[in-house]
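Below you'll find the structure I mean.
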Amino acid sequence: MDSISATFGKGHHLHLIDGSAFIFRAYHALPPLTRKSDGLPVGAVAGFCNMLWKYVTDERGSDAPTHAAVIFDHSAKTFRNQIYSAYKANRPEPPEDLRPQFPLTRDATRAFNIACIETEGYEADDIIAALSCKARDAGGRVTIVSSDKDLMQLVGDGVQMLDPIKGKPIDRDEVFEKFGVWPDRVVDVQALAGDAVDNVPGAPGIGIKTAAQLITEYGDLETLLARAGEIKQPKRRQTLIDHADQIRISKRLVELDCNTPLDFTLESLEVRAPDAPALLTFLSEMEFRTLTARVAERLGAEAPAVVSAPPRDAPAAPDLPPIDRAAYETVTDRAALDRWVQSIRDTGHVAIDTETTGLDEMQADLAGICLAVAPGVACYIPVGHVAGGDAGGGDDLFGQSALVAGQLPLAQVLAALKPVLEDDAILKIGQNLKYDWKILARHGIRMAPLADTMLMSYALNAGTHNHGMDELAERYLAHKCIPIKDLIGTGKAQINFAQVPIDKAAPYAAEDADVTLRLYRHFAPLLPVERVTTVYETTERPIVPVLAEMEMAGIRIDSDVLRRMSGSFAQSMAGLEDEIFALAGQRFNVGSPKQLGEILFDKMGLAGGKTGKTGAFSTSADVLEDLAAEGHDLPSRILDWRQIAKLKSTYTDALPTFVNPETGRVHTSYSIAGAQTGRLASTDPNLQNIPVRTEEGRRIREAFIAAEGHRLVSLDYSQIELRILAHVADIPALKQAFRDGIDIHAMTASQMFGVPVEGMDPMIRRRAKAINFGVIYGISSFGLSRNLRIPRAEAQDFIDTYFQRFPEIRAYMDRTVADAKSDGSVRTLFGRRINTPGINASGPAAGGARRAAINAPIQGAAADIIRRAMVRMPAAIAGLPARMLLQVHDELVFEVREDAVDDLIAAARTVMEGAAEPAVRLSVPLVVDAGVGANWAEAH
DNA sequence: GACATCACG
DNA sequence: GACGTACGTGATGTCC
């Protein structure tokens, strides 16, 4: 930095960051934060700083910029308003709470020690253009950090763009993709097509597609205008002739000028290292606790001398010692172990984490156990470490790795811990405790009582972020955990945790327990403040052992049946492939959507446009069904092939590989804090998406069988989400129908179309059903028209009629969205909070957030209800020879001894139908249907 | 590792 | 400053 800069030129790389785009992204992506001390709105500044920090710390290797600047728009009025007074006229004023943040973003840029540039009378785009030209002409390279389409004209010749959100470069090909012409003709296309957002008029009735076609045909805009008389389409010809002046003005509006005056040199933009004190001062003045700490740690780690004065409000609470990995103890003798057990008894709680040889709790072996009793007071007890890994050697004569010496025997450690782990007076704190619970249960220890930091975070923050420990530590403790990859590596060279040398494993492992304990202390007081204690205590915390027992029980499957099905599927697929190749006139990979798209749309010339950002043809079932309906055979065969291929690869081939060799059963794993809405998710394997909708698929359920002398019993809630909607939206007609037990979709159809329920046309009922579901999902005419394959206007008519007939639903939707906007979250009937970031965004992205906010309280309440039922179920069926095995959102599957089927159904149904009470007294009944069989197909 | 596709509620 | 379209999931195969 002190060295005299060389003149900017070859080998130099200039980064130009579109500051205004950063600000607006930040503003819309974040909830409206204010500074605690004085209420100053700082949400956009916070997001802006986070983006800059991410930008600054991104590893770019040899591609790193040598020069960089952030460029801002100076004011709304620019020279373009002299050309065309209405330019950007329909741009709304920036929001009230954003305006005071503009100058702060300049301060932030300077605090990051990045050049901060704006010029009166010019837009950021003009300055970026001038700098790009200048740098390129000097022989350097330029990267414009922005995804603004107005800048795309600059791409090429050493200038590229970089989408800051996706991190993806935008080069000539992407520009061509977007505009249908190369960058040098982009302004011509823009001049013709105009731009509603910037209020650039263009030529009426001409969009990007048509514009690109015309420019390609005539070469450039002037030629096109000169020869406009030759255009065949009369309307298009007249438009171009009539609006030639307007088009030329449009071109001047969109064209960026390389000659925008600059009052500084390229050399002055040379990248400078952050000035740590200045940056930390700014960030702490803004009161960004997390970011301040993150920046301090990063800069401190690289240049410890710089951080002389720690920021005023570093996040670590002052009473907590900092995390010190060197302070952890490795327990290798009996006396030390006894001392730790005594500490646990003294404090009445312990944070615990198990380290194992794998991720499958049903098969993994213990490598060690970590404990923490106070922040900073943690230990690691190795019990299963073996020689190997990068230590090399150590295999004994049998090819088995021998235990490393100096570890306490596993049995002794477990025997010493078992009394405290099962002691009702000692709280066991963990992160995703279901995992550790299962590991220890396999060794005869059933931990209770439990507290789970992952579930606390889920109760507090569902919808905002994920709840893994590394993420939580960074967010709430401003601490970066040692990545597991640092110990076990990745890919083929990956070793298991038992092979990690103990001296390397201990700090990592003990840190996990320490961090967990600190997270617990952070979250515990927040639960009552945020009013999520009831949710945590009734639907999160107690479900851990319930799910653990279900997963350990597993379900029996008949692998032979599945293997036979695989064989028969293979034959069907081979037969279909022959037909497909014959119809296509060539062989190809039927499983490749890319190859299929080329054959259907390029080679055979069927209608069906491109889609998506990759520009590839869509060959989804939707598209193929339409083609099949037009009488094309190939798409129809492909659909058949796909269905069989799916069943084979995902189910009949895969399921047998999940059979546990010891139990002979399949053990899924439920993630408790994965879904945004409170639902569970099933993984490894997913047993919540076993086929049922088609006849062939349903046969896979026949392979899910009961143990000898037992039956499978399935109980499922009937229409639970619609019942919840009827209750929360308080819709008299719907509630009465549920009370009377009549067909709800037929009733809806009857009300909407004025036809009697008796003898209803199935097609009419189907439409009503689609609308009922649509409402739950935050209906749109587009979605409904696609689902029912009817014109959009007709779909809109249906929706209008529906809202007219059930006005309470509209009121509920509006109310929910309003709540989401003001609170940043929505709640279920049972108090579960689901955060709704992005609800205050504008534009189409807001549509998705809006629909999610409408759906969340309904889907979430249904999830609450079945969770409540599951928590109560073990006690309710304790006296019966029965086990709960699976949950599929609104269904519970049990395995019951033959003679106890009726008792089980009675007991479980009572629990399920009463699960909302006493917390909520629903104004509609909950109804549970039951089925019994030797296999899941019969039971369902 | 991203994307497309498709299985479920 | 552009953005795609019913909500919520997970697994698989292709292709880069």
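In the text below, chain A, chain B and the rest are named by the order of the sequence lines, each starting its count at 1. Quick caveat: nothing in here was measured; it's all calculated off a predicted structure.
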message: Under 4.0 Å, counting only non-hydrogen atoms across every strand here, what does Asp716(A) touch: a base, just sugar-phosphate, or nothing?
response: nothing

**Message:** If you compare every side-chain N and O of Lys648(A) against the phosphate oxygens of dC6(B) (OP1, OP2), does one of them come in below 4.0 Å?
**Reply:**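 For dC6(B), OP1/OP2 do not have a side-chain N/O of Lys648(A) under 4.0 Å.
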
**Item:** P gap between dG1(B) and dA6(C), integer Å
**Value:** 29 Å

**Asked** What distance, rounded to whole Å, do you find between the two C1' atoms, one in dC6(B) and one in dC3(C)?
**Response** 26 Å

Taking for Ala675(A) and for Asp73(A) the nucleotide of DNA chain C with the nearest heavy atom, the one nearer the 5' end belongs to Asp73(A)

Note to self: Quick check on dT9(C): is either OP1 or OP2 less than 4.0 Å from any side-chain nitrogen or oxygen of Gln859(A)?
What the structure shows: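 Indeed not, no polar side-chain atom of Gln859(A) lies that close.
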
| Do the side chain of Lys646(A) and the base of dC6(B) come within less than 3.5 angstrom through a donor-acceptor pair of N or O atoms? | yes

Salt bridge (charged side-chain N to carboxylate O under 4.0 Å, His left out) between Arg637(A) and Glu577(A): does it pass, once the steps are laid out?
CA-CA 8 Å; Arg637(A) 292 292 97 78; Glu577(A) 277 161 28; over 6 Å; no

Item checked: OP1 or OP2 of dT5(B) under 4.0 Å from side-chain N/O of Ser618(A) -> yes

- Task: Compare side-chain N and O positions of Arg850(A) against OP1 and OP2 of dT5(C) and report whether any pair is under 4.0 Å apart.
- Result: no

Using a 4.0 Å heavy-atom cut-off across all strands, classify Gly778(A) as base, sugar-phosphate, or nothing. nothing

Relative to each other, are the rings of Phe704(A) and Trp936(A) parallel, tilted or perpendicular (30° and 60° limits)? perpendicular

Parsed dot-bracket for DNA chain C after applying the Watson-Crick and G-U rules with both distances under 3.5 Å and | for other-strand partners is ......|||||||||.

_Base, sugar-phosphate or nothing for Ile779(A)? Non-hydrogen atoms, less than 4.0 Å._
base

Is the distance from OP1 or OP2 of dG1(C) to the nearest side-chain N or O of Lys88(A) less than 4.0 Å? yes

(Q) Counting the atoms with a prime plus P, OP1 and OP2 as sugar-phosphate, which does Ser147(A) contact under 4.0 Å by heavy atoms, base, sugar-phosphate, or nothing? (A)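 Nothing, no heavy atom under 4.0 Å.
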
Q.
Counting only side-chain heavy atoms from C-beta out, which of dA6(C), dC8(B), dT5(B) sits nearest to Ser620(A)?
A.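 When the side chain of Ser620(A) is considered, dT5(B) is the closest of dA6(C), dC8(B), dT5(B).
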
Point to revise | Heavy atoms from other residues, nucleotides or ligands near CZ of Arg698(A) exceed 12 (cutoff 6.0 Å) | key: yes

> If only side-chain N and O atoms of Arg25(A) are considered, is one of them under 4.0 Å from the OP1 or OP2 phosphate oxygen of dG1(C)?
Replying inline: no

Check: Under 4.0 Å between a side-chain N/O of Gln676(A) and OP1 or OP2 of dT9(C), yes or no?
Finding: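 Indeed, a polar side-chain atom of Gln676(A) lies that close.
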
Specify the residue among Phe24(A) and Thr677(A) whose closest nucleotide of DNA chain C lies further upstream toward the 5′ end.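 It is Phe24(A) whose nearest nucleotide is closer to the 5' end.
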
Without swapping roles, check the side chain of Thr801(A) against the backbone of Met752(A) for a donor-acceptor pair under 3.5 Å. no

Assign Glu891(A) to base, sugar-phosphate, or nothing according to its heavy-atom contacts below 4.0 angstrom with the strands shown.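 Counting heavy atoms under 4.0 Å across all strands, no contact is made by Glu891(A).
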
Between CZ of Arg851(A) and P of dG4(C) the distance, given in whole Å, is 12 Å

Nucleotide of dT5(B), dC7(C), dC15(C) approaching Asn855(A) most closely (side-chain heavy atoms):
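Nucleotide nearest to Asn855(A)'s side chain: dC7(C).
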
Next on the checklist: By the 4.0 Å heavy-atom rule, please label Asn689(A) as base, sugar-phosphate, or nothing.
Outcome noted: base

Is the distance from the ring center of Phe798(A) to that of Tyr802(A) below 6.0 Å?
no

Requested in this report: For Ala841(A), answer base if it contacts any base atom (sugar-phosphate contacts may also be present), sugar-phosphate if it contacts only those atoms, and nothing otherwise; contact means non-hydrogen atoms under 4.0 Å.
Outcome: nothing

| request: State whether Arg642(A) places a side-chain N or O below 4.0 Å from either non-bridging phosphate oxygen (OP1 or OP2) of dC6(B). | output: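 It does, given that an N or O in the side chain of Arg642(A) lies less than 4.0 Å from OP1 or OP2 of dC6(B).
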
Quiz item: Just checking Asn787(A): base, sugar-phosphate only, or nothing, at a heavy-atom cut-off of under 4.0 Å?
Solution: base

Do the side-chain N and O atoms of Ser669(A) and Asp684(A) include a donor-acceptor pair separated by under 3.5 angstrom?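 The criterion, which ignores hydrogens and geometry beyond distance, is not satisfied for Asp684(A) and Ser669(A).
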
Counting any heavy atom closer than 4.0 Å, what does Asp195(A) reach on the DNA or RNA strands: base, sugar-phosphate only, or nothing? sugar-phosphate

If we ignore hydrogens and angles and just use 3.5 Å, is the side chain of Tyr458(A) paired with the main-chain N or O of Glu540(A) as donor and acceptor? no

Notebook entry, point to check: Think Ser682(A) has a side-chain N or O under 4.0 angstrom from the OP1 or OP2 of dG10(C)?
Noted result: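 Answer is no, no contact under 4.0 Å.
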
Hey, does Ser781(A) reach any base, or is it just sugar-phosphate, or nothing, if we go heavy atoms under 4.0 Å?
nothing

Kindly assign one of parallel, tilted or perpendicular to the pair Phe22(A) and Phe48(A), based on the angle between their ring planes and the thresholds 30° and 60°.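 Ring orientation of Phe22(A) relative to Phe48(A): perpendicular.
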
Which part of the nucleic acid does Ala654(A) contact within heavy-atom distance under 4.0 Å: base, sugar-phosphate only, or nothing?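 Ala654(A): backbone/sugar contact only, no base atoms under 4.0 Å.
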
Hey, is the side chain of Arg679(A) poking within less than 4.0 Å of OP1 or OP2 on dG8(C), counting only N and O atoms?
-> no

| said: Under 4.0 Å, counting only non-hydrogen atoms across every strand here, what does Ala21(A) touch: a base, just sugar-phosphate, or nothing? | reply: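 Ala21(A): no heavy atom of the nucleic acid under 4.0 Å.
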
Original post:
Which word best sums up how the rings of Phe588(A) and Phe581(A) line up, parallel for under 30°, tilted for 30 to 60°, or perpendicular for over 60°?
Top reply: perpendicular

Practice problem: Look at all strands and tell whether Ile690(A) reaches a base, only sugar-phosphate, or nothing, counting heavy atoms closer than 4.0 Å. | Solution: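 Since only primed, P, OP1 and OP2 atoms lie under 4.0 Å of Ile690(A), the category is sugar-phosphate.
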
Answer with base, sugar-phosphate or nothing: what part of the nucleic acid does Val775(A) contact at a heavy-atom distance below 4.0 Å?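 Result for Val775(A) = nothing.
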
